[in-house]
Amino acid sequence: MREMDIGGDQSGQAQSQERAISKIVIIIAMQSEALPLVNRFQLTEDPHPPCGFPQGVPWVRYHGSYKDLDISLFWPGKDPTLGVDSVGTISSALVTYAAIQALKPDLIINAGTAGAFKAKGASVGDIFIISDCAFHDRRIPIPVFDLYGVGSRKAFETPNLVKELNLQVAKLSTGDSLDMTQQDESSIISNDATVKDMEGAAVAYVADLLKVPAIFVKAVTDIVDGDKPTSEEFLQNLSAVTAALDVAVEKVITFINGKSLTEL
């Protein structure tokens, strides 16, 4: 089974890839990650959900213009029962689907914090552009279904952006748990991943399904194979790393402004 390219059908999208990008949707999982970007781009919370959004969902849209770009940032909101951020693959997939259907963006950016591996040379505070996304906790040990479970997909390639901003490029592995079991670790190693998160591959799946190019910007809060407990290190570094993510995303957005997809 071939890896699916989130860039979509290149021949069918040739014309759209040549015109300047005008509408961007940013998908971000946590309020603490979202608000610095909301402030930096001077986005305002939309009091009314976009057309087609179901009533009563906790999803939050922030919207505004930056240079020549129309930017919508979506955060899945707080869980209605428990009041915590709606992290994980299900919420991010639903919000990505609804946002694409409602707004028809030219580009999806999934930005967020993540864990990473010192065995792969990563450190806290590193910023990565993701080249490939896959799952590490969808184990289906049946021929072909096993490949479906891994769900390997390539992100939209941005060689000029990576070169201009001098960003690191790495593979991402996604699962719905913050911790890592031995089985997860084996799958992550098999995925050749440097970065581990809880949303990326789900966003990649929806973007590929709906043929919208997607790029991924991940900032490292914790070293998965380090000495500190993941949850402790994550919370300890969240504020500082979110600030670094904020700066990185602004640089990415500024680079994108005025360019077509083929120029990224």
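Quick caveat: nothing in here was measured; it's all calculated off a predicted structure.
Of the listed residues (Thr44, Leu35, Asn39), just one forms a side chain to side chain contact (heavy atoms under 4.5 Å, CB included) with Tyr62, and that residue is Leu35. For the side-chain hydrogen bond (donor to acceptor under 3.5 Å, both in side chains) with Thr89, the qualifying choice from Asp197, Asp137, Asp176, Thr174 is Asp176, the only one to do so. Partner Asp184 forms a side-chain hydrogen bond (donor to acceptor under 3.5 Å, both in side chains) with one of His136, Lys196, Arg139 and no other, that one being Arg139.
The number of heavy atoms from other shown groups lying within 6.0 Å of CD1 (Ile140) is above 12. The neighbour count for Gln101 CD, taken as heavy atoms of other residues, nucleotides or ligands under 6.0 Å away, is above 12.
For the residue pair Ser22 and Asp70, no side-chain donor N or O sits within less than 3.5 Å of a side-chain acceptor on the partner. A side-chain donor from one of Ser72 and Arg61 sits under 3.5 Å from a side-chain acceptor of the other. Using modelled atom types and a 3.5 Å distance limit, the side chains of Lys218 and Asn110 yield a donor-acceptor pair.
You'll find the side chain of Ile100 stays beyond 4.5 Å of the side chain of Val25, heavy atoms only. Counting heavy atoms from C-beta outward, Asp85 and Lys78 have side chains that approach closer than 4.5 Å. Put simply, the side chain of Ser131 reaches to within 4.5 Å of the side chain of Val169, judged on heavy atoms. Residues Leu69 and Ile21 have side chains in contact (heavy-atom distance under 4.5 Å, counting atoms from C-beta outward). Looking at heavy atoms from C-beta onward, Lys118 lies out of side-chain contact with Ser123 at the 4.5 angstrom threshold. The side-chain heavy atoms of Lys171 and Asn191, taken from C-beta on, include no pair separated by under 4.5 Å. Between Ile253 and Ile109, the closest side-chain pair of non-hydrogen atoms falls below 4.5 Å. Taking 4.5 Å as the limit, every side-chain heavy atom of Ser173 sits out of range of all side-chain heavy atoms of Val195.
Note that CD1 of Ile215 is 6.5 Å distant from CG of Leu264, once rounded to the nearest 0.5 Å. Note that the OG1 atom of Thr230 and the CD atom of Glu232 stand 10.0 Å from one another [nearest 0.5 Å]. With rounding to the nearest 0.5 angstrom, the CD1 atom of Ile256 is 12.0 Å from the CD atom of Glu263. Note: Asp246 CG to Glu250 CD = 7.0 Å, rounded to the nearest 0.5 Å. From Asn257, atom CG reaches atom CG of Asp68 across 4.5 Å, with rounding to the nearest 0.5 Å. Rounding to the nearest 0.5 angstrom, the gap separating the CG atom in Leu103 from the NE2 atom in His63 is 7.5 Å.
Taking each heavy atom of Pro50 and Ala102 in turn, the nearest pair found is CB-CB, 3.9 Å. For Cys133 against Ile130, the heavy-atom pair with the smallest separation is SG-CG2, 3.9 Å. For Ser32 against Leu238, the heavy-atom pair with the smallest separation is OG-CD2, 3.6 Å. Nearest heavy-atom pair, Val217 versus Leu245, reported as atom, atom and distance to 0.1 Å: O-CD1, 3.8 Å. In terms of heavy atoms, Ile223 sits closest to Glu233 at N-OE1, 3.1 Å. Considering all non-hydrogen atoms of both residues, Ala134 and Ser152 come closest at CB-CA, 4.1 Å.
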Would you check, one step at a time, whether the test side chain to side chain contact (heavy atoms under 4.5 Å, CB included) holds for Leu94 with Ile90? CA-CA 6 Å; Leu94 285 170; Ile90 296 174; 4.0 Å; yes
Take Glu45 and Val60 through the test side chain to side chain contact (heavy atoms under 4.5 Å, CB included) and record every step on the way to the result. CA-CA 7 Å; Glu45 185 172 346; Val60 180; 3.7 Å; yes
Using side chain to side chain contact (heavy atoms under 4.5 Å, CB included), reason through Tyr205 and Thr96 one step at a time and then give a plain yes or no. CA-CA 10 Å; Tyr205 169 79; Thr96 302; over 6 Å; no
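Cluster membership for Leu172 and Ile27, using ILVMFWY side-chain heavy atoms within less than 4.5 angstrom, is shared. Hydrophobic clustering keeps Trp59 apart from Met30 (ILVMFWY residues linked when any side-chain heavy atoms are closer than 4.5 Å, directly or through intermediates). Ile108 and Met198 fall into different hydrophobic clusters, where Ile, Leu, Val, Met, Phe, Trp and Tyr are joined by side-chain heavy atoms under 4.5 Å apart, directly or via other members. At a threshold of 4.5 Å between side-chain heavy atoms, the hydrophobic network of Ile, Leu, Val, Met, Phe, Trp and Tyr places Leu167 and Leu107 in one connected group. Both Leu43 and Val252 sit in one connected hydrophobic cluster of ILVMFWY residues. Membership requires side-chain heavy atoms under 4.5 Å apart, directly or through other members.
In this structure, Asp225 does not pair ionically with Lys120, as no charged nitrogen and carboxylate oxygen lie closer than 4.0 Å. A salt bridge is defined here as a Lys NZ or Arg NE, NH1 or NH2 lying under 4.0 Å from an Asp or Glu carboxylate O, and Lys23 with Asp106 fails to meet this definition.
Residue pairs meeting the ring-ring contact (aromatic ring centres under 6.0 Å, His included) criterion with at least one partner in residues 66-106, sequence neighbours excluded, are Phe41-Tyr66, Phe53-Phe74.
With hydrogens and angles ignored, the 3.5 Å screen pairs a side-chain donor or acceptor of Glu199 with a backbone N or O of Gly88. In terms of modelled atom types and a separation under 3.5 Å, the side chain of Asp79 and the main chain of Leu82 share a donor-acceptor contact. Of the possible polar contacts, none joining the Thr221 side chain to the Thr113 backbone as a donor-acceptor pair under 3.5 Å is found.
Under the 6.0 Å distance and 45° angle rule, Lys259 counts as a cation-pi partner of Phe255.
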